Amino acid sequence: MNQTTSMQFLLVGLSHYPYLQPLFFTIFFLIYMMAFTGNILITVVISADPRLHTPMYFFLVNLSVLDICCTTAAIPKMLQILVIDKKEISYSACISQLYLFTSALSTELILLTVMAYDRYVAICFPLRYKTIMSRTACVCLAGAAWILGSVNSMTHTFLILKLSFKEINIIDHFFCEIPPVLKLADSDTYVNDVVIVASDVLLGMICFMLTVISYIYIISTIMKIKSAEKKKKAFSTCASHITVVTIFYGGVIYTYVRPAFSNHLEADKVVSALYAIASPVLNPIIYSLRNKEVINAINKTFARKKSWHK
(Lines give C-alpha, C1' and ligand atoms only; values in the text may rest on other atoms or scores of the structure.)
Protein backbone atom coordinates (compact mmCIF):
# COMPACT_ATOMS: atom_id res chain seq x y z
CA MET A 1 0.00 0.00 0.00
CA ASN A 2 3.07 2.33 0.24
CA GLN A 3 3.06 2.68 -3.54
CA THR A 4 -0.50 4.03 -3.70
CA THR A 5 0.57 7.69 -3.51
CA SER A 6 2.69 7.32 -6.68
CA MET A 7 0.15 5.25 -8.61
CA GLN A 8 -1.76 6.78 -11.49
CA PHE A 9 -4.75 5.60 -13.46
CA LEU A 10 -5.46 6.83 -16.98
CA LEU A 11 -9.06 6.73 -18.23
CA VAL A 12 -8.78 6.26 -22.00
CA GLY A 13 -12.21 4.80 -22.76
CA LEU A 14 -13.21 7.64 -25.09
CA SER A 15 -9.78 8.63 -26.43
CA HIS A 16 -9.86 6.16 -29.33
CA TYR A 17 -11.97 8.66 -31.28
CA PRO A 18 -10.31 12.09 -30.70
CA TYR A 19 -12.23 13.76 -33.54
CA LEU A 20 -15.51 12.80 -31.85
CA GLN A 21 -14.63 14.14 -28.38
CA PRO A 22 -16.50 17.48 -28.80
CA LEU A 23 -19.57 15.49 -29.85
CA PHE A 24 -19.15 13.08 -26.93
CA PHE A 25 -18.87 16.02 -24.53
CA THR A 26 -22.06 17.63 -25.86
CA ILE A 27 -24.02 14.36 -25.72
CA PHE A 28 -22.85 13.35 -22.23
CA PHE A 29 -23.29 16.87 -20.85
CA LEU A 30 -26.88 17.06 -22.14
CA ILE A 31 -27.63 13.55 -20.82
CA TYR A 32 -26.18 14.42 -17.41
CA MET A 33 -28.18 17.64 -17.21
CA MET A 34 -31.38 15.80 -18.25
CA ALA A 35 -30.81 13.07 -15.67
CA PHE A 36 -29.84 15.51 -12.91
CA THR A 37 -32.66 18.00 -13.62
CA GLY A 38 -35.30 15.30 -14.11
CA ASN A 39 -34.45 13.49 -10.89
CA ILE A 40 -34.12 16.70 -8.86
CA LEU A 41 -37.50 17.84 -10.19
CA ILE A 42 -39.15 14.54 -9.23
CA THR A 43 -37.60 14.66 -5.74
CA VAL A 44 -38.66 18.26 -5.07
CA VAL A 45 -42.20 17.87 -6.45
CA ILE A 46 -42.93 14.65 -4.56
CA SER A 47 -41.46 16.03 -1.32
CA ALA A 48 -43.48 19.26 -1.63
CA ASP A 49 -46.87 17.71 -2.44
CA PRO A 50 -48.53 15.93 0.55
CA ARG A 51 -50.85 14.03 -1.82
CA LEU A 52 -47.79 12.22 -3.21
CA HIS A 53 -46.59 11.08 0.21
CA THR A 54 -47.42 7.44 -0.50
CA PRO A 55 -45.16 4.34 -0.51
CA MET A 56 -44.80 4.30 -4.31
CA TYR A 57 -43.62 7.91 -4.48
CA PHE A 58 -41.44 7.50 -1.40
CA PHE A 59 -39.52 4.77 -3.25
CA LEU A 60 -39.44 6.93 -6.40
CA VAL A 61 -37.68 9.68 -4.43
CA ASN A 62 -35.10 7.13 -3.27
CA LEU A 63 -34.66 5.96 -6.88
CA SER A 64 -34.17 9.56 -8.06
CA VAL A 65 -31.53 10.21 -5.39
CA LEU A 66 -29.71 7.02 -6.41
CA ASP A 67 -29.81 8.01 -10.08
CA ILE A 68 -28.28 11.39 -9.19
CA CYS A 69 -25.53 9.59 -7.21
CA CYS A 70 -24.95 7.14 -10.06
CA THR A 71 -24.53 9.78 -12.79
CA THR A 72 -22.61 12.21 -10.56
CA ALA A 73 -20.11 9.49 -9.62
CA ALA A 74 -19.35 8.69 -13.28
CA ILE A 75 -20.06 11.56 -15.67
CA PRO A 76 -18.40 14.79 -14.29
CA LYS A 77 -14.92 13.22 -14.37
CA MET A 78 -15.60 11.93 -17.88
CA LEU A 79 -16.62 15.45 -19.00
CA GLN A 80 -13.44 16.86 -17.45
CA ILE A 81 -11.34 14.38 -19.43
CA LEU A 82 -13.12 15.33 -22.66
CA VAL A 83 -12.68 19.07 -22.08
CA ILE A 84 -9.08 19.39 -20.88
CA ASP A 85 -7.83 16.09 -22.27
CA LYS A 86 -6.33 15.23 -18.87
CA LYS A 87 -6.92 11.51 -18.51
CA GLU A 88 -5.22 11.03 -15.13
CA ILE A 89 -7.17 10.08 -12.04
CA SER A 90 -5.43 9.40 -8.72
CA TYR A 91 -5.61 6.03 -7.00
CA SER A 92 -7.70 7.44 -4.13
CA ALA A 93 -10.07 9.27 -6.53
CA CYS A 94 -10.48 6.10 -8.62
CA ILE A 95 -11.27 3.99 -5.55
CA SER A 96 -13.72 6.64 -4.28
CA GLN A 97 -15.48 6.76 -7.64
CA LEU A 98 -15.62 2.96 -7.75
CA TYR A 99 -17.08 2.78 -4.23
CA LEU A 100 -19.73 5.49 -4.77
CA PHE A 101 -20.85 4.11 -8.14
CA THR A 102 -20.99 0.49 -6.94
CA SER A 103 -22.90 1.51 -3.81
CA ALA A 104 -25.53 3.42 -5.81
CA LEU A 105 -25.76 0.62 -8.38
CA SER A 106 -26.17 -2.13 -5.75
CA THR A 107 -28.78 -0.13 -3.81
CA GLU A 108 -30.77 0.53 -6.99
CA LEU A 109 -30.84 -3.19 -7.83
CA ILE A 110 -32.46 -3.92 -4.45
CA LEU A 111 -34.73 -0.87 -4.57
CA LEU A 112 -36.19 -1.89 -7.95
CA THR A 113 -37.19 -5.20 -6.37
CA VAL A 114 -38.75 -3.36 -3.41
CA MET A 115 -40.70 -1.17 -5.86
CA ALA A 116 -41.96 -4.25 -7.70
CA TYR A 117 -43.08 -5.71 -4.34
CA ASP A 118 -44.88 -2.44 -3.55
CA ARG A 119 -46.82 -2.67 -6.85
CA TYR A 120 -47.52 -6.36 -6.19
CA VAL A 121 -49.10 -5.57 -2.80
CA ALA A 122 -51.02 -2.58 -4.22
CA ILE A 123 -52.57 -4.53 -7.09
CA CYS A 124 -52.91 -8.02 -5.60
CA PHE A 125 -53.88 -7.01 -2.03
CA PRO A 126 -55.43 -3.52 -2.33
CA LEU A 127 -57.45 -3.78 0.91
CA ARG A 128 -54.38 -4.67 2.98
CA TYR A 129 -52.01 -2.32 1.15
CA LYS A 130 -51.90 0.47 3.76
CA THR A 131 -51.38 -2.04 6.56
CA ILE A 132 -48.59 -3.98 4.81
CA MET A 133 -46.83 -0.95 3.32
CA SER A 134 -46.94 1.20 6.44
CA ARG A 135 -44.58 4.14 6.94
CA THR A 136 -42.36 2.00 9.19
CA ALA A 137 -42.26 -0.85 6.66
CA CYS A 138 -41.34 1.55 3.82
CA VAL A 139 -38.53 3.19 5.80
CA CYS A 140 -37.18 -0.23 6.82
CA LEU A 141 -37.28 -1.55 3.24
CA ALA A 142 -35.58 1.55 1.81
CA GLY A 143 -33.05 1.61 4.67
CA ALA A 144 -32.22 -2.07 4.13
CA ALA A 145 -31.65 -1.40 0.41
CA TRP A 146 -29.23 1.46 1.16
CA ILE A 147 -27.37 -0.49 3.86
CA LEU A 148 -27.03 -3.69 1.80
CA GLY A 149 -25.89 -1.70 -1.24
CA SER A 150 -23.26 0.11 0.84
CA VAL A 151 -22.03 -3.12 2.48
CA ASN A 152 -21.74 -4.80 -0.93
CA SER A 153 -19.70 -1.88 -2.26
CA MET A 154 -17.48 -1.78 0.85
CA THR A 155 -16.74 -5.50 0.43
CA HIS A 156 -15.62 -5.09 -3.19
CA THR A 157 -13.65 -1.92 -2.40
CA PHE A 158 -11.85 -3.58 0.54
CA LEU A 159 -10.83 -6.53 -1.65
CA ILE A 160 -9.57 -4.20 -4.39
CA LEU A 161 -7.52 -2.23 -1.82
CA LYS A 162 -5.65 -5.45 -1.03
CA LEU A 163 -4.52 -5.82 -4.67
CA SER A 164 -1.27 -4.46 -6.09
CA PHE A 165 -1.08 -2.37 -9.27
CA LYS A 166 1.62 -0.91 -11.51
CA GLU A 167 2.63 2.74 -11.14
CA ILE A 168 0.88 3.64 -14.43
CA ASN A 169 -2.42 1.88 -15.11
CA ILE A 170 -4.41 2.40 -18.31
CA ILE A 171 -8.15 1.82 -17.86
CA ASP A 172 -9.90 1.30 -21.19
CA HIS A 173 -13.17 2.66 -19.81
CA PHE A 174 -14.77 6.06 -19.16
CA PHE A 175 -14.87 5.73 -15.36
CA CYS A 176 -13.44 3.52 -12.60
CA GLU A 177 -15.64 0.43 -12.39
CA ILE A 178 -14.83 -2.92 -10.78
CA PRO A 179 -14.29 -5.15 -13.88
CA PRO A 180 -11.86 -2.86 -15.80
CA VAL A 181 -9.93 -2.03 -12.60
CA LEU A 182 -9.53 -5.72 -11.75
CA LYS A 183 -8.06 -6.37 -15.21
CA LEU A 184 -5.12 -4.12 -14.28
CA ALA A 185 -4.24 -5.87 -11.00
CA ASP A 186 -0.72 -7.29 -10.65
CA SER A 187 -1.87 -9.78 -8.02
CA ASP A 188 -4.31 -12.69 -8.09
CA THR A 189 -7.97 -11.63 -8.39
CA TYR A 190 -9.58 -15.04 -7.84
CA VAL A 191 -11.26 -14.01 -4.55
CA ASN A 192 -12.50 -10.78 -6.17
CA ASP A 193 -13.98 -12.71 -9.12
CA VAL A 194 -15.74 -15.18 -6.80
CA VAL A 195 -17.21 -12.38 -4.66
CA ILE A 196 -18.36 -10.50 -7.79
CA VAL A 197 -20.20 -13.54 -9.14
CA ALA A 198 -21.69 -14.30 -5.70
CA SER A 199 -22.95 -10.74 -5.16
CA ASP A 200 -24.23 -10.56 -8.72
CA VAL A 201 -26.20 -13.76 -8.22
CA LEU A 202 -27.68 -12.38 -4.97
CA LEU A 203 -28.20 -8.72 -5.96
CA GLY A 204 -28.64 -9.22 -9.69
CA MET A 205 -30.21 -12.52 -10.63
CA ILE A 206 -32.23 -13.20 -7.46
CA CYS A 207 -33.53 -9.62 -7.27
CA PHE A 208 -34.39 -9.77 -10.97
CA MET A 209 -36.25 -13.08 -10.51
CA LEU A 210 -38.18 -11.70 -7.52
CA THR A 211 -39.12 -8.65 -9.61
CA VAL A 212 -40.25 -10.84 -12.50
CA ILE A 213 -42.29 -13.08 -10.15
CA SER A 214 -43.96 -9.96 -8.68
CA TYR A 215 -44.95 -8.81 -12.16
CA ILE A 216 -46.22 -12.27 -13.11
CA TYR A 217 -48.64 -12.09 -10.16
CA ILE A 218 -49.48 -8.49 -11.05
CA ILE A 219 -50.26 -9.36 -14.67
CA SER A 220 -52.37 -12.37 -13.65
CA THR A 221 -54.39 -10.07 -11.37
CA ILE A 222 -54.73 -7.45 -14.12
CA MET A 223 -56.11 -10.12 -16.47
CA LYS A 224 -59.06 -10.51 -14.08
CA ILE A 225 -59.97 -6.80 -14.34
CA LYS A 226 -63.19 -6.41 -16.33
CA SER A 227 -62.71 -2.79 -17.39
CA ALA A 228 -60.78 -2.70 -20.68
CA GLU A 229 -59.56 0.85 -20.02
CA LYS A 230 -58.20 0.02 -16.54
CA LYS A 231 -56.63 -3.15 -17.88
CA LYS A 232 -54.88 -1.24 -20.69
CA LYS A 233 -53.58 1.40 -18.27
CA ALA A 234 -52.25 -1.23 -15.86
CA PHE A 235 -50.55 -3.18 -18.67
CA SER A 236 -48.96 0.02 -20.02
CA THR A 237 -47.49 0.83 -16.59
CA CYS A 238 -46.17 -2.72 -16.10
CA ALA A 239 -44.61 -2.80 -19.59
CA SER A 240 -42.73 0.45 -18.90
CA HIS A 241 -41.45 -0.75 -15.53
CA ILE A 242 -40.39 -4.14 -16.89
CA THR A 243 -38.50 -2.43 -19.75
CA VAL A 244 -36.42 -0.34 -17.32
CA VAL A 245 -35.84 -3.29 -15.00
CA THR A 246 -34.72 -5.53 -17.90
CA ILE A 247 -32.27 -2.92 -19.24
CA PHE A 248 -30.85 -2.22 -15.79
CA TYR A 249 -30.59 -5.78 -14.49
CA GLY A 250 -29.50 -7.18 -17.86
CA GLY A 251 -26.66 -4.66 -18.11
CA VAL A 252 -25.43 -5.25 -14.57
CA ILE A 253 -25.56 -9.05 -14.85
CA TYR A 254 -23.75 -8.93 -18.22
CA THR A 255 -21.01 -6.61 -16.94
CA TYR A 256 -20.33 -8.22 -13.56
CA VAL A 257 -20.76 -11.97 -14.24
CA ARG A 258 -19.31 -12.27 -17.73
CA PRO A 259 -15.83 -10.71 -17.08
CA ALA A 260 -14.79 -13.83 -15.18
CA PHE A 261 -15.22 -15.81 -18.39
CA SER A 262 -14.46 -13.49 -21.32
CA ASN A 263 -13.00 -10.14 -22.35
CA HIS A 264 -14.89 -7.67 -24.56
CA LEU A 265 -13.92 -4.17 -23.49
CA GLU A 266 -15.85 -2.27 -26.18
CA ALA A 267 -19.06 -4.17 -25.37
CA ASP A 268 -18.46 -3.46 -21.65
CA LYS A 269 -18.40 0.29 -22.29
CA VAL A 270 -21.65 0.22 -24.25
CA VAL A 271 -23.46 -1.88 -21.64
CA SER A 272 -22.10 0.23 -18.75
CA ALA A 273 -23.50 3.31 -20.48
CA LEU A 274 -26.97 1.70 -20.38
CA TYR A 275 -27.20 1.48 -16.59
CA ALA A 276 -24.82 4.35 -15.70
CA ILE A 277 -26.21 6.95 -18.13
CA ALA A 278 -29.31 5.83 -20.02
CA SER A 279 -31.22 4.36 -17.07
CA PRO A 280 -31.02 7.52 -14.86
CA VAL A 281 -32.42 9.55 -17.79
CA LEU A 282 -35.21 7.07 -18.54
CA ASN A 283 -36.31 6.45 -14.94
CA PRO A 284 -37.90 9.89 -14.32
CA ILE A 285 -39.73 9.66 -17.65
CA ILE A 286 -41.00 6.11 -17.27
CA TYR A 287 -41.68 6.00 -13.54
CA SER A 288 -42.86 9.54 -12.91
CA LEU A 289 -43.21 11.96 -15.80
CA ARG A 290 -45.69 9.66 -17.56
CA ASN A 291 -47.74 9.64 -14.37
CA LYS A 292 -50.70 12.06 -14.37
CA GLU A 293 -50.45 12.66 -10.60
CA VAL A 294 -46.82 13.76 -10.90
CA ILE A 295 -47.51 15.90 -14.00
CA ASN A 296 -50.39 17.64 -12.18
CA ALA A 297 -48.15 18.22 -9.15
CA ILE A 298 -45.41 19.71 -11.40
CA ASN A 299 -47.94 22.01 -13.12
CA LYS A 300 -49.30 23.16 -9.75
CA THR A 301 -45.77 23.82 -8.46
CA PHE A 302 -44.93 26.03 -11.44
CA ALA A 303 -48.34 27.74 -11.29
CA ARG A 304 -47.73 28.51 -7.60
CA LYS A 305 -44.33 30.02 -8.39
CA LYS A 306 -45.85 32.20 -11.13
CA SER A 307 -48.50 33.48 -8.72
CA TRP A 308 -45.81 34.35 -6.16
CA HIS A 309 -43.91 36.40 -8.75
CA LYS A 310 -47.08 38.32 -9.60
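All residue numbers refer to positions in the sequence shown, counting from 1. Remember, it's a predicted structure, so these values are computed and weren't measured experimentally.
- For the residue pair Tyr32 / Thr72, a side-chain donor-acceptor distance below 3.5 Å is found, with atom types taken as modelled.
- By the 6.0 Å contact criterion, CZ on Phe25 is enclosed, its count of non-hydrogen atoms from other residues, nucleotides or ligands being greater than 12.
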Discussion item. Set out, in order, the CA-CA distance, both residues' side-chain angles and the distance that settles side-chain contact (heavy atoms from CB on, under 4.5 Å) for Met78 and Ile277, then state yes or no.
Written reply: CA-CA 12 Å; Met78 178 171 55; Ile277 300 169; 4.2 Å; yes
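- In this structure, Met33 is a member of the same hydrophobic cluster as Leu79, with clusters built from ILVMFWY side-chain heavy atoms closer than 4.5 Å.
- Using modelled atom types, one side-chain atom of Gln97 and one backbone atom of Ala73 make a donor-acceptor pair closer than 3.5 Å.
- By the 30° and 60° cut-offs, the orientation of the rings of His173 relative to Phe175 is tilted.
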Fill in: Working for side-chain contact (heavy atoms from CB on, under 4.5 Å), residues Ile171 and Glu177
CA-CA 9 Å; Ile171 303 176; Glu177 195 176 11; over 6 Å; no
Which atom pairs, donor and acceptor, lie under 3.5 Å between side-chain atoms of residues 38-45 and protein residues at least two apart or in another chain?
unit_1, atom_1, unit_2, atom_2, d
Asn39, OD1, Ser64, OG, 3.3
Asn39, ND2, Ala35, O, 2.7
Asn39, ND2, Pro280, O, 3.1
Thr43, OG1, Asn39, O, 2.8

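- No donor-acceptor distance shorter than 3.5 angstrom exists from the side chain of Ser153 to the backbone of Gly149, with no hydrogens or angles considered.
- Between the side chain of His53 and the backbone N or O of Ser47, at least one donor-acceptor pair lies under 3.5 Å.
- In this structure, Ser187 contributes its side chain and Ser164 its backbone to a donor-acceptor pair below 3.5 Å.
- Side-chain contact between Val181 and Leu98 is present, with at least one heavy-atom pair separated by less than 4.5 Å.
- Thr189 places no side-chain N or O within 3.5 Å of a backbone atom of Asn192 that could act as its donor or acceptor partner.
- In this model, no donor atom of one side chain and acceptor atom of the other lie less than 3.5 Å apart for Tyr91 and Asn169.
- A donor-acceptor contact shorter than 3.5 Å links the side chain of Asn62 to the backbone of Phe58.
- In this structure, Ile147 belongs to a hydrophobic cluster whose other members, linked by side-chain heavy atoms under 4.5 Å apart, are Tyr99, Leu100, Val151, Met154.
- Looking at heavy atoms from C-beta onward, Phe125 lies in side-chain contact with Tyr120 at the 4.5 angstrom threshold.
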